[in-house]
Amino acid sequence: MKKEGRNLRRFVKKSEDKFTKVDFDDSNFLKKLLFVILSNIKAILALVCVFVVVCFAVVYAGTLDKKTVLLSLNYEEASDGQNPNYTRYNVYELESDEVMERAIAYAGLQDVLTPSELADHIDIAENNSGKTIDPTDENTYYISTSYTITYTKNRQIKNVSTEDMTNLICKAYNDMFHDEYVGTKTVLQYDLGDIDDMEYIEIATLFTTKSDQMLRYIEQRIEKNSTYRSDATGQSFQTIRRMIQNVQNYSIKKYYSFALETGLSRNKDHYVRTLNYKNEVLDMKYRKFLIDYNVRKESVQNYDSAMIGTVMIPAINERNEYYMSRTNIGTDYLTKEADYSLSQASSVNRDIIENNDIINKVSNSTATEDDYQKAEELIAAVDAELKNVASIADTTDKDYIKHTTKDYLTFTGYDSSDNEILILETVLGSTVIFFVLLCAVYYFADGYIRKKEGAVHE
């Protein structure tokens with residue numbers, strides 16, 4: 001017992017040893033604590049200095065294995081908790097297998113770790129930015145538009161730095177976000193579908209329809225940005241338009257001409273009956289449009305000539321200048337309606353003539369097995385061309401969307417000064433706690449020594 005007390009006295013000095021005139025027993029708690037600290041101030045400060053050095057080293061080493069970025073949502077729908085396509089936003093998709101697989105592929109670590117192993121090293125926290133749905137309602141929920149993403153180094157990864165891996169994770173999430181929720185257009189997701197029951201000439205029409213849909217979409221992109229060129233494909237929207245037009249003007253027309261001239265059909269009798277029925281329906285439409293045209297034409301001819309004069313009314317232009325504007329009168333409307341009816345009748349008549357031509361070619365067809373084989377080869381060739389063009393168009397369009405919406409998601413890393421402040425705050429807070437605990441240890445150790453020495457004296 002005496003040996004134990006002597007060993008403890010080596011590290012803890014009683015206050016009477018330094019303050020000989022102090023009556024420790026008559027002092028209150030705070031005075032006792034102060035006397036104990038002052039009696040052992042050198043030892044306490046030495047231990048605190050050692051702790052600061054060790055703590056700084058540990059915290060600094062820990063920051064080397066971590067990378068923190070700030071994820072901000074910068075599009076209008078984010079304040080409502082939605083993605084740009086109005087689906088519900090979920091930040092934890094960043095840890096999904098899809099995003100993790102992309103990040104692993106970008107880093108070339110497919111054989112090193114699994115998506116779940118990478119996700120285990122990612123922490124996501126909401127920041128105090130965003131809005132409440134109803135500030136006056138205590139039960140309302142809060143929508144955040146800013147998140148802190150922290151990646152802690154996985155020891156399985158040897159050749160990729162913490163910062164690089166964090167950047168790849170952010171890139172993978174950004175790519176997935178744009179692919180899934182920003183401007184995805186099904187018109188560029190080309191798929192010919194099941195054509196086994198379609199007639200050969202109908203397949204040509206289907207090719208034309210699908211290529212026209214792609215062409216219209218690409219032309220809209222050209223109107224918005226005629227000079228954009230994708231880094232991913234090296235193509236512009238104008239070159240893609242020419243690709244589609246080339247398929248239409250050469251490959252599709254070549255196939256259609258071959259199918260028409262050889263009169264190919266899967267079921268001749270059924271196909272001819274179908275075309276004849278379509279012509280009957282088209283003929284009724286044709287006669288209806290002609291009737292509409294003739295009625296309006298006759299109405300214009302019978303219109304009172306005294307009322308056909310031009311009517312002018314005062315108006316104002318963009319420069320706030322007055323001028324006399326011509327107004328439409330009854331004959332103007334009737335003339336426009338007559339022109340529309342005539343154009344529709346002409347269009348329907350062309351369809352009838354085309355169907356009659358097909359009926360004639362199919363009915364008198366002498367196509368051979370080689371002709372059918374060649375038709376299948378042409379279908380496969382056109383299908384492959386459209387798939388290739390659609391793939392290039394889709395990739396270019398997605399690249400364009402990323403270019404125009406690159407600020408939808410922003411990832412901001414903490415700079416070195418922020419990191420230094422974080423380290424200092426962590427070390428300072430830990431040091432204060434350690435100092436308080438150390439003072440408590442010395443206080444109780446002092447009391448323990450007094451108790452043991454008092455027992456010896458007795």
Side-chain angles (χ1 to χ4, degrees), residues 186-219 240-291 293 341-393:
T186 56
V187 68
L188 298 180
Q189 308 294 322
Y190 172 80
D191 181 18
L192 186 60
D194 186 7
I195 59 173
D196 292 341
D197 295 329
M198 293 184 66
E199 291 292 344
Y200 287 95
I201 294 176
E202 292 175 340
I203 295 173
T205 304
L206 180 61
F207 280 139
T208 301
T209 301
K210 288 186 174 292
S211 59
D212 279 342
Q213 291 173 345
M214 288 192 287
L215 187 60
R216 284 193 294 270
Y217 181 78
I218 294 301
E219 286 175 342
I240 293 174
R241 176 175 63 182
R242 286 195 292 272
M243 291 179 185
I244 298 172
Q245 290 172 339
N246 286 339
V247 176
Q248 289 182 328
N249 294 333
Y250 297 101
S251 301
I252 296 178
K253 282 188 176 180
K254 178 182 178 181
Y255 167 71
Y256 176 78
S257 298
F258 177 79
L260 178 62
E261 291 304 317
T262 54
L264 299 179
S265 64
R266 299 188 191 277
N267 188 329
K268 180 186 295 188
D269 293 338
H270 180 268
Y271 189 33
V272 170
R273 286 198 303 270
T274 300
L275 290 174
N276 282 324
Y277 174 75
K278 287 182 177 179
N279 276 352
E280 291 177 4
V281 175
L282 290 173
D283 184 63
M284 287 189 289
K285 288 184 178 180
Y286 174 72
R287 286 187 277 112
K288 176 183 179 300
F289 283 125
L290 280 184
I291 292 172
Y293 167 71
S341 297
L342 182 60
S343 65
Q344 291 297 106
S346 299
S347 177
V348 171
N349 189 50
R350 285 194 298 271
D351 291 339
I352 294 173
I353 293 173
E354 182 179 353
N355 286 341
N356 284 331
D357 187 29
I358 296 172
I359 291 171
N360 181 56
K361 294 290 176 48
V362 170
S363 298
N364 300 303
S365 174
T366 58
T368 64
E369 289 296 328
D370 290 339
D371 292 330
Y372 283 95
Q373 180 63 33
K374 183 177 179 180
E376 295 294 339
E377 293 173 357
L378 289 174
I379 291 173
V382 175
D383 187 40
E385 287 185 58
L386 286 178
K387 280 182 180 177
N388 180 57
V389 174
S391 177
I392 295 173

Gap separating the [atom1] atom of [X] from the [atom2] atom of [Y], nearest 0.5 angstrom:
X    : Y    : atom1 : atom2 : value
E377 : F258 : CD    : CZ    : 9.5 Å
Y190 : E385 : OH    : CD    : 10.0 Å
L215 : Q248 : CG    : CD    : 5.5 Å
L386 : I252 : CG    : CD1   : 5.0 Å
L192 : D194 : CG    : CG    : 9.0 Å
Y217 : I240 : OH    : CD1   : 10.5 Å

Sidechain-backbone polar pair: [X] side chain, [Y] backbone, donor-acceptor under 3.5 Å:
X    : Y    : answer
N246 : R242 : yes
D383 : I379 : no
Y372 : S265 : yes
S391 : K387 : no
N360 : N356 : no
S257 : K253 : yes
D371 : T368 : yes

What's the shortest heavy-atom distance between [X] and [Y], and which atoms?
X    : Y    : answer
S251 : V382 : O-CG2, 3.8 Å
V247 : V389 : CG2-CG2, 4.2 Å
S211 : I244 : O-CG2, 3.6 Å
F289 : A345 : CB-CB, 3.6 Å
L188 : A393 : CD1-O, 3.9 Å
K268 : S363 : NZ-O, 3.9 Å

Is there side-chain contact between D197 and R266, with heavy atoms separated by less than 4.5 Å?
->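 With C-beta onward as the side chain, the pair stays apart.
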
Any side-chain heavy atom of Y271 within less than 4.5 Å of one from I358?
->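 Result yes, sub-4.5 Å side-chain heavy-atom pair found.
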
Enumerate, atom names and distances included, each donor-acceptor pair closer than 3.5 Å involving a side-chain atom of residues 200-209, sequence neighbours excluded.
{"from": "Y200", "atom 1": "OH", "to": "E376", "atom 2": "OE2", "distance (Å)": "3.0"}
{"from": "E202", "atom 1": "OE1", "to": "E199", "atom 2": "N", "distance (Å)": "3.0"}
{"from": "T205", "atom 1": "OG1", "to": "I201", "atom 2": "O", "distance (Å)": "3.3"}
{"from": "T208", "atom 1": "OG1", "to": "A204", "atom 2": "O", "distance (Å)": "3.1"}
{"from": "T209", "atom 1": "OG1", "to": "T205", "atom 2": "O", "distance (Å)": "2.9"}

Residue pairs passing the ring-ring contact (aromatic ring centres under 6.0 Å, His included) test where at least one lies in residues 342-366, sequence neighbours excluded =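 Non-adjacent pairs meeting ring-ring contact (aromatic ring centres under 6.0 Å, His included): zero.
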
Salt bridge (Lys or Arg N to Asp or Glu O under 4.0 Å) contacts touching residues 274-287 (sequence neighbours left out) =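 Qualifying pairs, neighbours excluded: D283-R287.
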
Can you check salt bridge (Lys or Arg N to Asp or Glu O under 4.0 Å) on D357 and K361, steps first, answer last?
-> CA-CA 6 Å; D357 187 29; K361 294 290 176 48; 3.4 Å; yes

